[in-house]
Amino acid sequence: MSSNDRLTRWVQEVARHCQPDRIHWCDGSKKEYDRLMVEMVARGSAIPLRKRPNSFLFRSHPSDVARVEDRTFISTPSRDDAGPTNNWVAPDELKATMWALYEGCMRGRTMYVIPFSMGPLESPMAKIGVEITDSPYVVCNMEIMTRVGTRVLQAIEEGADFIPCLHSVGAPLAPGQDDVPWPCAPMEQKYISHFPQENLIWSYGSGYGGNALLGKKCLALRIASAMARREGWMAEHMLILRLVSPEGRQYHIAAAFPSACGKTNLAMIQPTIPGWRAETLGDDIAWMKIGPDGRLYAINPESGFFGVAPGTSYKSNPAAMDTLCGNVIFTNCALTDDGDIWWEQMTDEPPAHLIDWRGEDWTPERDKPAAHPNARFTAPTSQCPLISSDWEKPEGVPIDIFIFGGRRATVVPLVHEAYDWDHGVFLGATAASETTAANIGAVGNLRRDPFAMKPFCGYNMGDYFQHWFDMGDRLGDKAPRIFYVNWFRKSPEGRWLWPGYGENSRVLKWMCERVDGKVEALDTPIGRMPRMDDLNLTGLDIPPEDLRELMRVDVEAWRAEANDIEKHFAQFGDRLPKRLERQLRQFQIRLG
Ligand code: GTP
Ligand code: SPV
Ligand code: MN
C-alpha cells in the first residue's frame, strides 16, 4: 500500500466513524485561510481587529483555556514504558473508549485534512504529519505554526511517511442546532492520547493550544521524543538562540524552561550589554542530531510562535511586540474599545475600559485580570524582526550551550555551571519549577520538571535520562556545555531580585566566556558559579544585598533539595541510570 493509499484509507475510516457533513483537504493557501476566517467571523467565534491588519481575537470556553496534563496519556503496551511521570491506559482500552467518543462526533461539521511538515520540507530532520480536525480555528493556527499545503501532500504521494493526528472538539451538532463560539467537550471527556509504538495521536474534546494543534507538543515532543530515542537524536522543549559577540563570534544556545518560564522571551532577547546582539531561531522546540563533524545540530520544527501574551510589552520584549504587527490570531486576550487587544503589563496604565477574555465589561477596578493568564498569540516566525537568516537552514545550527532552569522564588541562584556532562544531566533531571497557567490546575506549586519535559516526554523518563547520557557519550568533547539559571528569585516581600529579560544577556555573556576559557569560576557544592567581578553589572541598579542573595548557595536549603531529589529519583526504580545515583551521592558529599 502506498503511503498515499494509507492516507486515503485513514481519512475514509475516520470519516466513517466521525460522520462529518463534508470533508475539506487543506491546501495551506492564503485564500483558504481568509475564507475560514470570514466564516468564523460570520459565526461569531472570531472578532476582526480594526487596529491590526488581518488579525483576529478568539475567546475560548472558560473551561478550555490551557493544556490538560491530567487528561494526557502515553499509551504504550506496558505501563512501565510510559513510566511514572505519564498517565497511562492500555492501547486497546483507550482506543475503545475514544472510538465511542469519536462515533458521530463531527456531525453538522466539516472535517478538515491538514497535511503539514514539522521542519522545512527539504530538511533531512523534517517530519510529516496529517491532522484531521473539525475545528477551523485549529486549521488557521496550524497554517501559521506549521508548514501546511500541497507540497506536503505531494511528498506523501511520492512515498514520504506521515504521522496521523486525529482531533475533534467533541461537540457534534444536531440538524438545525446553532453552533457556539467555542465548541468543546467537558473535562472528563477530554483525551490527549499518544500511541508512540505506532506513531499515532488521538485528541478529543479540547480546542486549545497544545491539546489541539497536534504538530506542537503531541508530535514534535511526545511522539518525536520516542522516535528520537529509537533513532539516536533529541526532541527537546527548548528555544534556539544565536548570540553574537562584539568581535562577531557566534554562540548557539538551546534552553529548556518549563511552560511559561521564559523561553519565548529569551529567544527574542535584546542584549543590554553594548556590542552584543542576538538572533532568534526558535522559541519552544528543538530537534537535534549529531552532524558529520560530530557536533549537535538543532532545527526549529515550527514556523510560528504560540506565545504567552500577558507580560509581553515594548519594555520586556519589543521583538515580540513587533512580530504581532499583523496576521496574528489572539486567543483569550482583552479587547479595547477601538478594536485592538490588550493584556496585563502590555502598557503601564491599563485602558479605562475593556471587554475581558470572557466577553464582559472590564475596568481597572475589577480585581480579575482582563486577559486570561494563559492568553496566547499565534504569529508567523518570519515576522520576528530578530529572526536569523539561518532559521530554516535544513541542517540546523551547531549548539554550544545548553541551559536548564525554571521558576524558583527561593533557593536556586541566578546561574551555575555543570562540572561536566554527567553533572549537567543531573541538573536537567532534577530541574524544578513552580507550576504556571499553561496547564489547567494549581499555579505556583513547586514540582520536579526534568529537562522541562515532564508533560512532554513520550516514554519512561528514566530511559530518557539514559538517552541523555548516551548522547553525551557519542558527543564526547564536542558536547555543549551545560548551565542552570533562575531569573525568578523573589525577595520575602515578593519583589523580583533580578531585572530579567534583556539584562539576562549579562549571564549569557558569562557563559560564552566560560566556553572560551576566558574566565575562572568558583566551585560550589551545586556547581561552578561566577566570580562577582566576572559578571558585567555595569549600569544595573541592584542593591548589593540583592546581588548577594541572587548568588548565595544556602547549603541547608540544598540539603533539603537533595532529600527531595532522592524521593524524585526513587519513583524510577531500576529505570534510573546508575550514573544519576552517583551524581546524587557526589552532590551529597559536596554538601557535607
Ligand atoms: P511556553 O510558551 O508556555 O512554553 O512559555 P515560555 O517558556 O516561552 O515563556 P515566556 O517567554 O512566554 O514567558 C512566560 C512569562 O514569564 C511571561 O509573562 C514573561 O513576561 C515572563 N518572563 C519571561 N522572562 C522573564 C524574566 O527574565 N524575568 C521575569 N521576571 N519574567 C520573565
Ligand atoms: C506550553 O505549554 O509549553 C506551550 C503552550 O508552549 S501549548 O502549545 O498550549 O502547549
Ligand atoms: Mn512550551
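Just follow the structure's listing: the first ligand is 1, and inside any ligand the first atom is 1.
- Using a 4.0 Å cut-off to heavy atoms of D284, the atoms of ligand 1 that qualify are 4 (O).
- Contacts between R376 and ligand 1, counted as non-hydrogen atom pairs separated by less than 4.0 Å, involve the side chain only.
- Taking every heavy atom of both residues into account, G207 and D64 meet most closely at N-OD2, 2.8 Å.
- In the vicinity of T264, heavy-atom distances shorter than 4.0 Å reach the ligand 1 atoms 6 (P), 8 (O), 11 (O), 12 (O).
- Where the criterion is an N or O separation shorter than 3.5 Å, residue side chain and backbone included, P499 fails it with respect to ligand 1.
- Contacts between W498 and ligand 1 below 4.0 angstrom, taking non-hydrogen atoms only, are absent altogether.
- In T312, neither the side chain nor the backbone holds a heavy atom less than 4.0 Å from any atom of ligand 1.
- For the pair R376 and ligand 2, a heavy-atom separation below 4.0 Å is found.
- Taking the six-membered ring for Trp, F402 and W468 have ring centres closer than 6.0 Å.
- The proximity of F257 to ligand 2, defined as any non-hydrogen pair under 4.0 Å, does not occur for either the backbone or the side chain.
- Within the 4.0 Å heavy-atom criterion, neither part of L213 lies near ligand 2.
- For ligand 2, the polar-atom distance check finds an N/O of R67 within less than 3.5 Å of one of the ligand's N/O atoms.
- A side-chain donor from one of W498 and N504 sits under 3.5 Å from a side-chain acceptor of the other.
- Only one option out of Y191, F73, F195 pairs with W202 in a ring-ring contact (aromatic ring centres under 6.0 Å, His included); it is F195.
- From the protein, the heavy atom lying nearest to atom 9 (O) of ligand 1 is G262 N, 2.9 Å.
- Note that K217 lies in the cation-pi zone of F456, set by a 6.0 Å cut-off to the ring centre and a 45° limit from the axis.
- Both the backbone and the side chain of S259 come within contact range of ligand 1, each with a heavy atom under 4.0 Å.
- Residue K217 counts as close to the Mn ion (ligand 3), with an N, O or S atom under 2.8 Å.
- Counting heavy atoms closer than 4.0 Å to ligand 1, residue P310 contributes backbone atoms (N, CA, C, O) but none from C-beta onward.
- Aromatic ring pairs are classed by plane angle as parallel below 30°, tilted from 30° to 60° and perpendicular above 60°; the pair Y464 and F451 is perpendicular.
- The shortest N/O to N/O separation between F306 and ligand 2 does not fall below 3.5 Å.
- Heavy-atom separations between Y208 and ligand 2 are all 4.0 Å or longer.
- Under 4.0 angstrom from ligand 1, the non-hydrogen atoms of P258 all belong to its backbone.
- Less than 4.0 angstrom separates some heavy atom of S259 from each of these atoms of ligand 2: 1 (C), 2 (O), 3 (O).
- Of all atoms in ligand 1, listed by their number and element, those nearer than 4.0 Å to a heavy atom of R407 are 15 (C), 16 (O).
- Restricting D284 to its N/O/S atoms, the shortest distance to the Mn ion (ligand 3) is reached by OD1.
- Using a 4.0 Å heavy-atom cutoff, H237 is listed among the residues neighbouring ligand 1.
- When non-hydrogen atoms are compared, ligand 1 lies under 4.0 Å from the side chain of W496 (C-beta onward) but not from its backbone.
- Among Q189, R71, H167, the one residue that satisfies the side-chain contact (heavy atoms from CB on, under 4.5 Å) test with Y204 is Q189.
- Residue N317 does not touch ligand 1, judged by heavy-atom distances below 4.0 Å.
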